[in-house]
Structure formats: C-alpha cells, structure tokens
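All values below were derived from every heavy atom in this structure, side-chain atoms included, with hydrogens, water molecules and symmetry-related copies excluded. Sequence lines set the chain letters: A, B, ... in the order given, protein chains first and strands last, and positions in each chain run from 1.
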Protein chains: 2
Amino acid sequence: MTDADTQRLILQTARRFFMESGYRAVSTRRIADACGLTQPALYHYFATKQDLYVAVMIDMLSGMQSVLDRIARRSETVQERLSRVALFLLEQSHEGMEMMLHDIVRELGTTARDALNQAFYRAMIQPVASIFAEGLAAGELITPAAGMEAVNLTFLLLNLLKYRPAENWKTDAASPAASEQRELLALHANTLVNLLLNGLRPR
Amino acid sequence: MTDADTQRLILQTARRFFMESGYRAVSTRRIADACGLTQPALYHYFATKQDLYVAVMIDMLSGMQSVLDRIARRSETVQERLSRVALFLLEQSHEGMEMMLHDIVRELGTTARDALNQAFYRAMIQPVASIFAEGLAAGELITPAAGMEAVNLTFLLLNLLKYRPAENWKTDAASPAASEQRELLALHANTLVNLLLNGLRPR
DNA sequence: GTCTATAACATGATAGAC
DNA sequence: GTCTATCATGTTATAGAC
C-alpha cells in the first residue's frame, strides 16, 4: 500500500471515529488499530493528534463546499434549494458533523480553531447564505430582526437541522431500511424548510 | 463545613465545569481543587465520577422543572409563555446545558443514560410541550407534518435556541454589560419565538 | 471528613531498529 | 514505512492513617 493510500485510510477512519465520539474520546491507538497499524505509525503521517483532526476536518469541509456551491447555483426557487441543502446536511450529519463545532471551540488550540472556523465559514455558511440573500433581495423573505441577515439565517437553519423526531430517543430504535430512511429524510428536510419559511401559525 | 454544605459545593462546582467543558474533559482532580479538597475526598460523597455527573444533572433538571412548570401555568398567550421559556433557556444555556445531551448519549453507561433521559423528558420536554399542546388544541398553531405534535415541536424549539448570532463567532467579543446582555437575550428570545410562529415569509 | 500514598491503567508522543 | 519498546503524564479509584 502506498504512502498516499495509507494517509487516506487514516483520514477516513479518523473522520468516522471523530464524528461518532468527538476529538477527546477517540484515542490515536483506536484509529491506528482500525487501520491495521500500530499507534506510532500514525506519527509518520501526522505530527500530532490535533494536526490529524484538523486535516480530517479540512478534508471533510472541502467535500461539502463543492456540493453546497453546486446546490446554491441551481436555477430553482429559494425553497427548493434550501430543501436540497437541508437534505444533504441531514444525510451528512448522520455521519457526524454535529460534533465538529463542539470540538473546534472546546478542544483545539487557538491557531487550529481559527483555521477551522474560517474553513467552516467558507465551506458551509457562505454557500447557504447566498441562497438566503437571494430570497431577501427578491422580497420573498423578511429579516426577522435587526441584523439577522443571510449569514445569521444560515446559522439558524443549521441549528434547526439538528432536530430529530422524538422517536429516535426511544432505546429500541427498530430502524427502517436504508432506502426508506432516505425518503424519510427527504420528507423531514422539506418539513423543516417549510416550517422555517411559513411558521407554525396557519396562514 | 458540614457534610451537606460540602456536597452542595461539589455539585455546584462540578456543574459549572461539566457545562463548560463536558464530562470527559473535566477531571475529578480539577473539581476537587476548585473546591479546596484533594481528589480522593470527592469519593466520600460520590462513588464514581459518573455518579457525580448524574447527581449534577438531576439537581439541575429539578431546578429547571419548577421554573418551566410555573411558566407553563401562567395565564398568558401561547406566544408570551413560549417567549418566557425561550428567555429562561437562553439564560441557562449561557451557563451550559448544551453539553448535556452530548454527554448523556456518548459518555454515559446505559443505566445512567436512561435515568437522565427520563429526567430530562419530565423536567424540560413535558412542561413546554403542554404549552404547544394548548396552542394546537385552540387552532392557533398547526402541525407542520404528520406526527409532529407538541413533544416534537418542543424538541424543535430547543434546537432553535442553540442558535447564536454570528457576532459571537468573532474572537474579539467585546461583551456588553450584564444588564444590557439580559435585554439583548430577551429580544433574542422574542425574535426566535416569533420566527417559529410566523416564519420567514412576509404575511 | 479529609488527608497521603499509591495502584492500575490509558493517553500522546519519541527513540531507534529494520 | 512500520515496528517494538518506552517515557512522561494524567486518569479514576482504593487503602489506610488521623
């Protein structure tokens, strides 16, 4: 196996674990074991655990940016594009992503934090904010409070997407088939965007 | 200092740290130090670190339940009561609480998890859900999707409340005075509830 | 009720052979 | 490029004196 392949294997394995359990809860040994390596071998590819974490996040964010940019540029209504964004992010966050902000703020040094904050902003906030900005400019949407423009609406949408129906809280969790799951997610994405646009009060 | 006083000191100190940094990131030594005790002294009051964490959470949740129950029973409109709930939760989460669900799901054993989930449901979900249920029954609110009744709307509101304006992201953070801060929070609470009820589209 | 001392273990990281 | 061996440190928790 070549150097580059091993590096990718480490990145993907680490990504899965970090997303599942967070920075602190995942040891370098566990990552190495899952890759079929010993723990010191990791240090041939990444100087520190924090460097590995940053690399994982940058890798993930660059992938998300290309998808979100593409969605933002589609010739569809604001609502349609927001629903696509919501579905994509719901699918991603099944693989994690929720943990990210937590770790960025609480476990990383200031240098790594600033770098990741910037990458996060460019990859996730800006593309989605451009959709909101369009809606605001066209008068389709209103700013709900002073200063709550496109960027802040994006943050709000991201928080809204953390919501999962209460059924997921029960411990049994007889999960449906994957294909069915995806349809449910799409329905869920539409519901949340619809709620954000129209509110809970009857019109 | 009596036994009971020391126990309360430990609970309050541990609560602050757990809320700030999460279960895993806070060592028993750090808690003990901040209480002016040595680390083994903690074990006179709590058998394990996990027991301490559970006690902290139960303590916190019981305090929140009494406040939320009281708000739910006020003779005000649904919107007014939801705004009060939102303001209260925003103030609390400044002190933490956000970390809770993360740790409950990811760091605790199944027994502790089930106990805390149940306490969380009773203390936070049910009181707020009763307000939503009233609004739904009166026809003031609509269910945005099949199965998305009062309980699920409560989960949704809780996620909405995690949102903070983007200004908090900048590293400078010249924070305003405490009194001013509280007024800003009240404004913020009103905005979020208003948005949830009326949506982003002009009416 | 709190201490000192310490067990038992996991962690991130380094040294150096191959 | 990956290994074995190991260091230094931090962790939860226990034993036993006072």
Side-chain angles (χ1 to χ4, degrees), chain A residues 1-57 99 102-104 106-113 116, chain B residues 1-57 99 102-104 106-113 116:
Chain A
M1 189 180 289
T2 76
D3 208 33
D5 280 346
T6 307
Q7 179 144 8
R8 280 204 60 204
L9 175 62
I10 294 171
L11 277 174
Q12 287 171 355
T13 306
R15 169 170 166 175
R16 184 156 43 89
F17 288 160
F18 282 142
M19 293 301 163
E20 274 169 12
S21 313
Y23 179 75
R24 205 164 191 118
V26 178
S27 71
T28 53
R29 274 181 166 77
R30 191 171 154 217
I31 297 168
D33 283 354
C35 292
L37 295 170
T38 58
Q39 183 252 0
L42 288 192
Y43 287 77
H44 177 71
Y45 298 92
F46 303 95
T48 67
K49 184 188 179 186
Q50 216 175 103
D51 283 359
L52 170 57
Y53 185 79
V54 171
V56 164
M57 290 305 154
M99 195 81 65
H102 176 273
D103 287 332
I104 289 179
R106 290 185 160 83
E107 308 276 10
L108 268 47
T110 57
T111 326
R113 174 161 64 240
L116 283 187
Chain B
M1 189 180 291
T2 76
D3 208 35
D5 280 345
T6 308
Q7 179 144 10
R8 279 205 61 204
L9 175 62
I10 294 170
L11 278 175
Q12 286 171 356
T13 307
R15 169 169 163 176
R16 186 157 41 90
F17 288 161
F18 281 144
M19 293 302 162
E20 274 170 10
S21 314
Y23 179 76
R24 203 161 192 123
V26 178
S27 71
T28 54
R29 269 181 169 78
R30 192 171 154 216
I31 298 168
D33 284 354
C35 292
L37 295 170
T38 58
Q39 183 252 359
L42 288 191
Y43 287 78
H44 177 71
Y45 299 91
F46 303 95
T48 67
K49 183 187 180 185
Q50 216 174 102
D51 283 359
L52 170 58
Y53 185 79
V54 170
V56 164
M57 290 305 154
M99 195 80 65
H102 176 271
D103 287 333
I104 289 180
R106 291 186 159 83
E107 308 276 10
L108 267 48
T110 57
T111 326
R113 174 161 64 241
L116 283 187

Could you tell me the separation between the [atom1] atom of [X] and the [atom2] atom of [N], rounded to a whole number of Å?
X: B:Tyr23; N: D:dT11; atom1: OH; atom2: C1'; value: 11 Å
X: A:Asp3; N: D:dG1; atom1: CG; atom2: C1'; value: 7 Å
X: A:Asp51; N: C:dG12; atom1: CG; atom2: P; value: 14 Å
X: B:Leu52; N: D:dT11; atom1: CG; atom2: P; value: 15 Å
X: A:Arg30; N: C:dG12; atom1: CZ; atom2: C1'; value: 16 Å
X: A:Phe17; N: C:dG12; atom1: CZ; atom2: C1'; value: 18 Å
X: A:Tyr43; N: C:dG16; atom1: OH; atom2: C1'; value: 17 Å
X: B:His44; N: D:dT14; atom1: NE2; atom2: C1'; value: 15 Å

Please state whether the phosphate of D:dG10, meaning OP1 or OP2, lies under 4.0 angstrom from any side-chain nitrogen or oxygen of B:Ser27.
->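 Answer no for this pair, as no side-chain N or O of B:Ser27 is under 4.0 Å from OP1 or OP2.
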State whether A:Thr6 places a side-chain N or O below 4.0 Å from either non-bridging phosphate oxygen (OP1 or OP2) of D:dT2.
->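 So the side-chain polar atoms of A:Thr6 do come within 4.0 Å of the phosphate oxygens OP1 or OP2 of D:dT2, strictly under.
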Please lay out, stage by stage, how A:Leu37 and A:Leu9 fare under the test side chain to side chain contact (heavy atoms under 4.5 Å, CB included).
-> CA-CA 11 Å; A:Leu37 295 170; A:Leu9 175 62; over 6 Å; no
What are the two closest non-hydrogen atoms of B:Gln50 and B:Gly109, and how far apart are they?
->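 Smallest interatomic distance, heavy atoms only, reads OE1-N, 3.4 Å.
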Starting at the 5' end of DNA chain D, which residue's closest nucleotide do you reach first, A:Tyr45 or A:Arg24?
->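 The answer here is A:Tyr45.
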Do B:Gln12 and B:Arg8 come within less than 4.5 Å of each other through their side chains, counting heavy atoms only?
->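 Result yes, sub-4.5 Å side-chain heavy-atom pair found.
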Is the shortest heavy-atom distance from the side chain of B:Phe46 to the side chain of B:Gln7 under 4.5 Å?
->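 Result yes, sub-4.5 Å side-chain heavy-atom pair found.
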A:Arg113 side chain to A:Leu108 main-chain N or O, any donor-acceptor pair under 3.5 Å?
->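 Looks like yes, one N/O pair under 3.5 Å.
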Run the side chain to side chain contact (heavy atoms under 4.5 Å, CB included) check on A:Asp33 and A:Thr38 step by step: do they pass?
-> CA-CA 6 Å; A:Asp33 283 354; A:Thr38 58; over 6 Å; no
Would A:Leu52 and A:Thr28 count as a side chain to side chain contact (heavy atoms under 4.5 Å, CB included) if you check the C-alpha gap in whole Å, the side-chain angles of each, and the deciding distance to 0.1 Å?
-> CA-CA 10 Å; A:Leu52 170 57; A:Thr28 53; 5.6 Å; no
Every protein N/O within reach of nucleotides 3-7 of chain D N/O, cut-off under 3.5 Å:
| unit_1 | atom_1 | unit_2 | atom_2 | d |
| --- | --- | --- | --- | --- |
| D:dC3 | OP2 | A:Thr38 | N | 2.8 |
| D:dC3 | OP2 | A:Thr38 | OG1 | 2.7 |

Output the distance between atom OH (B:Tyr45) and atom CG (B:Asp51), rounded to the nearest 0.5 Å.
->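 Those atoms lie 16.0 Å apart.
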Go through A:Arg106 and A:Tyr23 one step at a time and tell me if the side chain to side chain contact (heavy atoms under 4.5 Å, CB included) criterion holds.
-> CA-CA 10 Å; A:Arg106 290 185 160 83; A:Tyr23 179 75; over 6 Å; no
Of B:Ala4 and A:Gln50, whose nearest nucleotide on DNA chain C comes first from the 5' end?
->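 It is B:Ala4, whose closest nucleotide lies nearer the 5' terminus.
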Axis-to-axis angle between the two ends of the helix from C:dG1-D:dC18 to C:dC18-D:dG1 (five base pairs per end, rounded to 10 degrees) |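 Terminal axis comparison yields 0°.
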